[in-house]
Amino acid sequence: MTTPSKVRTRFAPSPTGFLHIGGARTALFNWLFARHHGGVFVLRIEDTDEVRSTHESVDAILDSLRWLGIPWDEGPETLEKDRGPYAPYFQMKRIDSYRAFARKLLQEGRAYPCYCTKEELDAMRRLAQLEKRPPRYDGRCRDLTDEKRREFEAAGKKAVLRFRMPDEGTTAVPDLIRGNVQFENALLQDFVIMKASEVPTYNFACVIDDHAMEISHVIRGDEHLSNTPSQLQLYAALGFEPPAFAHLSMILGPDGAKLSKRHGATSVLEYRDQGYYPKALRNYLALLGWATSESQELFEEEELFRKFSIEGCQKSPASFDPAKLLWMDGEYLRKLPAPELLAAARPFLEKAGLWGKPGLEQVAALEREKYKLLSDVPKLLDFFFKDSLDWTDKAQKLVAADGPRALLGELAAELSRLPSFAAKPLEEAIRGFCAARSLKTSQVFHPLRAAVSGRTEGPSLFEMLAALGREKVIARLRQAAATPGPLAR
RNA sequence: GGCGCGUUCGUCUAGCGGCCUAGGACGCCGCCCUCUCAAGGCGGAGAUCACGGGUUCAAAUCCCGUACGCGCCA
């Protein structure tokens, strides 16, 4: 593959919903490719669907990309660039340019007005299906006389503009991932480039803009491969030099169907809200349909830039594996320095009322290898701060019997006399307590853990006691010792 | 229906004619470590490389069919 001197890639979402995983992966690959080549990554909003486009979707897409850490060099809200040669980055603000090119194609006879009604087109389709022909526009408005056109116009008929496809020959799509893909022109139909509302269709606007924005590489989802020959014909008719194309394999859901907005947890923002760490998601996404020859899993950002290549892209679709994502998230959280971890988990800590609690950082460090999600941080820590414990069934059982309860009472008395409540002296005292009574350590450790935390799982026992502090430990032990039978929740 | 794309362990993948008795990762199972849970270490099960033909001394790798899946067109 040649390395062009000026690489410009783009991500061009339609603001008709949240940014989903597949879109984020496409954006990511465009960004990585641009970075790898020292190029520019453009964000363009394709809001020509007048009915379904919303401002909320635009915001959601921008938020998603920002959160994921996929910054765009040009696009909405890059204010200093808004006056640049490629602005604006919303297609509805570029309407004039599409209309101008449409007029040009019309004048040159490469496009023509089509007056067919929805009913006529439906009938055409049904007939084709009956005759087992491919359902396509039959070209009936291709060569209308001027007179006929005037007649339609006079009757108030609205026209769309169709592009005149060559009747013969083939169009080759040179694809960086799939090689040369051939399409027969005769099978391509005269597609609509301007709707009756004089708003361009996707295939048209996309070509005009990619050319105007000097996009060098169009990296997009596989579902656009079939559109590409039509677009290539448009490039030729307009006298534009086409960009290089790379069609990415799709992302499938766990059920093997295309991962879509309908699939549930496919929105990037949902992952944010569930507590995923953005760099982990981004790393995981990079691995969906791309790999290095070493099958490396974890990448620093710089490494991703350096190692990313189109050659490493997979032709076959990839299934999204939530289990692997979760593992990767844990990997990232484990490596995070404590202050950064807390800062990242802040929204979740605030929600749990733990943000700003004294000793939070110290306590958080005790559980650090257990967090898989940022939302796990408050979940695993709240017993340190809560006044009343959420007892698990297992923990209740451990302190329910009279024997352990009596021991806990004695332990409370002994620990209250300890000169220092640091981990070391605590360990010595408690082990001594066991030895003096000829008890196995587990006979004391387990009820003790349960009594002070309400759980059977947690950090190292003595570290945990030290972090809780004498007051809480003694109070919880006395309470456990005094409560007969199963503890009240 | 036509056209296009794809098919290596459950999943992500390495592989681009001999290094493959197919490597790594997630998940799963077992052992070790150990005050619990994790983390970590060690090990294991798991892929007749979709199927059938070729080409070749040699094919997961090249060619042709078939099947299945997916996409686009409507």
> Relative to the 5' end of RNA chain B, which residue comes earlier, A:Ile177 or A:Tyr284, by the nucleotide with the nearest heavy atom?
A:Ile177
> Please identify each residue that fulfils ring-ring contact (aromatic ring centres under 6.0 Å, His included) with A:Phe433, with sequence neighbours left out.
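A:Phe433 satisfies ring-ring contact (aromatic ring centres under 6.0 Å, His included) with no other residue.
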> Salt bridge or not between A:Glu301 and A:Arg282? Use side-chain N to carboxylate O under 4.0 Å.
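Result for this pair is yes, salt bridge flagged.
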> Go through residues 190-202 of chain A and report each residue with a non-hydrogen atom lying under 4.0 Å from RNA chain B, sorted by number.
none
> Roughly how far apart, to the nearest Å, are B:G41 and B:A50 at atom C1'?
38 Å
> What integer number of Å spans the P atoms of B:A45 and B:A25?
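So the two P atoms sit 15 Å from each other.
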> Is A:Gly289 touching bases, backbone alone, or none of the nucleic acid, heavy atoms closer than 4.0 Å?
sugar-phosphate
> In whole Å, I'd like the distance from the CZ atom of A:Phe320 to the P atom of B:G10.
21 Å
> Under the salt bridge (Lys or Arg N to Asp or Glu O under 4.0 Å) definition, can you give me all pairs with a residue in residues 425-438 of chain A, not counting sequence neighbours?
A:Glu410-A:Arg437, A:Glu414-A:Arg437, A:Glu427-A:Arg431
> Quick one: A:Gln296 CD to B:A25 P, roughly how many Å, whole number?
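Going from CD in A:Gln296 over to P in B:A25 covers 13 Å.
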> Searching all strands shown, indicate the nucleotide that pairs with B:A60 (Watson-Crick or G-U wobble; both distances under 3.5 Å).
none
> Whole angstroms only, please: what is the CD-P distance between A:Glu311 and B:A14?
13 Å
> Suppose we define a pair by two distances each less than 3.5 Å, Watson-Crick or G-U wobble; what does B:U48 pair with here?
none
> Any strand is fair game: report the nucleotide pairing with B:G71 by Watson-Crick or G-U wobble, both distances under 3.5 Å, or none.
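B:G71 is paired, partner B:C3.
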> I'd like to check the ring-ring contact (aromatic ring centres under 6.0 Å, His included) partners of A:Phe240; sequence neighbours left out, ordered by chain and number.
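Checked A:Phe240 against ring-ring contact (aromatic ring centres under 6.0 Å, His included); matches are A:Phe101, A:His211.
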> Going by the salt bridge (Lys or Arg N to Asp or Glu O under 4.0 Å) test, which pairs reach into residues 217-236 of chain A, not counting sequence neighbours?
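Output for this query lists A:Arg178-A:Asp222.
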> Please classify the nucleic acid contact of A:Leu288 as base, sugar-phosphate, or nothing, using heavy-atom distances under 4.0 Å.
sugar-phosphate
> List in chain and number order the residues that pass ring-ring contact (aromatic ring centres under 6.0 Å, His included) with A:Phe445, two or more places apart in sequence or in another chain; answer none if no residue qualifies.
A:Phe462
> Over all strands shown, is A:Gln182 touching base, sugar-phosphate only, or nothing at heavy-atom distances under 4.0 angstrom?
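Result for A:Gln182 = sugar-phosphate.
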> In whole angstroms, how far is the P atom of B:C73 from the CG atom of A:Leu187?
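Spelled out: CG on A:Leu187 to P on B:C73 is 15 Å.
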> Could you pull out the closest heavy-atom pair between A:Ala451 and A:Leu408, with the gap in Å?
CB-CD1, 3.8 Å
> Give one of base, sugar-phosphate or nothing for A:Met328, where a contact means two heavy atoms less than 4.0 Å apart.
nothing
> A:Glu184 has an atom CD; how far is it from atom P of B:G1, in whole Å?
20 Å
> Suppose you measure atom C1' in B:A60 against the same atom in B:G17; what distance do you get, rounded to whole Å?
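Per the computed distance, 11 Å lies between those C1' atoms.
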> What pairs meet the salt bridge (Lys or Arg N to Asp or Glu O under 4.0 Å) rule with one or both residues in residues 318-343 of chain A, with sequence neighbours excluded?
A:Glu297-A:Lys324, A:Glu331-A:Arg334
> Taking atom C1' in both B:G46 and B:G24, compute the distance separating them and give it to the nearest angstrom.
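Result for the C1' pair: 14 Å, nearest Å.
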> Between the main-chain N or O of A:Leu105 and the side-chain N or O of A:Arg110, is there a donor-acceptor pair closer than 3.5 Å?
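Answer holds: no.
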> Would you say NZ of A:Lys315 has more than 12 non-hydrogen atoms from neighbouring residues, nucleotides or ligands within 6.0 angstrom?
no
> Tell me the partner of B:G27, counting only Watson-Crick (N1-N3 plus N6-O4 or O6-N4) or G-U wobble (N1-O2 and O6-N3) with both under 3.5 Å; none if nothing fits.
none
> Is it true that A:Tyr202 and A:Asp49 share a donor-acceptor pair across their side chains at a distance under 3.5 Å?
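Per modelled atom types, A:Asp49 and A:Tyr202 side chains form no pair under 3.5 Å.
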> Looking at A:Asp122 and A:Lys118, is there a salt bridge between them, counting it only when a charged N and a carboxylate O are closer than 4.0 Å?
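Salt bridge flag = yes for A:Asp122 with A:Lys118.
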> So what does A:Glu294 touch, heavy atoms closer than 4.0 Å: a base, only the sugar-phosphate, or nothing?
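A:Glu294: no heavy atom of the nucleic acid under 4.0 Å.
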> Give me the distance, rounded to whole Å, that separates B:U8 from B:U48 when you measure between the P atoms they each carry.
11 Å
> Provide the distance between the two P atoms, one in B:C20 and one in B:A59, to the nearest whole Å.
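Result for the P pair: 16 Å, nearest Å.
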> In whole angstrom, give the distance that lies between atom CG of A:Leu225 and atom C1' of B:C70.
12 Å
> Provide the Watson-Crick or G-U wobble partner of B:C16, both distances under 3.5 Å; none if there is no partner.
none
> Round to a whole Å and report the spacing from NE2 of A:His224 to C1' of B:C3.
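My rounded result for the distance is 17 Å.
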> Does a side-chain N or O from A:Gln189 land closer than 4.0 Å to OP1 or OP2 of B:G2, or not?
no
> Scan residues 365-374 of chain A for pairs that pass side-chain hydrogen bond (donor to acceptor under 3.5 Å, both in side chains), counting only residues two or more places apart or in two chains.
A:Glu367-A:Lys370
> Hey, is A:Arg140 close enough to A:Glu120 for a salt bridge, meaning N to O under 4.0 Å?
yes
> Grab the CD-P distance between A:Gln314 and B:C70 for me, whole Å please.
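In whole Å, B:C70 P lies 19 Å from A:Gln314 CD.
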> Quick check on contacts: within residues 335-342 of chain A, what sits under 4.0 Å from RNA chain B by heavy-atom distance?
none
> How does protein contact run along nucleotides 26-48 of chain B, one letter per nucleotide 5' to 3', with B for base contact, S for sugar-phosphate only, - for none, heavy atoms under 4.0 Å?
BS-------BBBBSS--------
> I'd like the P distance from B:C12 over to B:G54, given in whole Å.
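After rounding to an integer number of Å, I get 32 Å for this pair.
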> Identify which nucleotide among B:C72, B:U11, B:G4 has an atom closest to any side-chain atom of A:Glu223, counting heavy atoms from C-beta outward.
B:C72
> Going by salt bridge (Lys or Arg N to Asp or Glu O under 4.0 Å), name the pairs with one or both residues in residues 440-465 of chain A, residues two or more places apart or in two chains.
A:Asp382-A:Arg455
> Does A:Ser293 make a side-chain donor-acceptor contact with the base of B:G15, cut-off 3.5 Å?
no
> Can you check whether A:Phe383 and A:Trp391 have ring centres sitting under 6.0 Å from each other?
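That pair fails the under 6.0 Å test.
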> Measuring centre to centre across the rings, with the benzene-like ring taken for any Trp, is A:Phe29 within less than 6.0 Å of A:Phe308?
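Under 6.0 Å, so yes.
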> When the P atoms of B:C51 and B:C68 are compared, how many Å lie between them, rounded to an integer?
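15 Å, rounded to whole Å.
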> Are any protein N/O atoms closer than 3.5 Å to N/O atoms in nucleotides 64-68 of chain B? If there are, list each pair with its distance.
none

> Judged by each residue's nearest nucleotide on RNA chain B, which is more toward the 5′ side, A:Met250 or A:Gly312?
A:Gly312
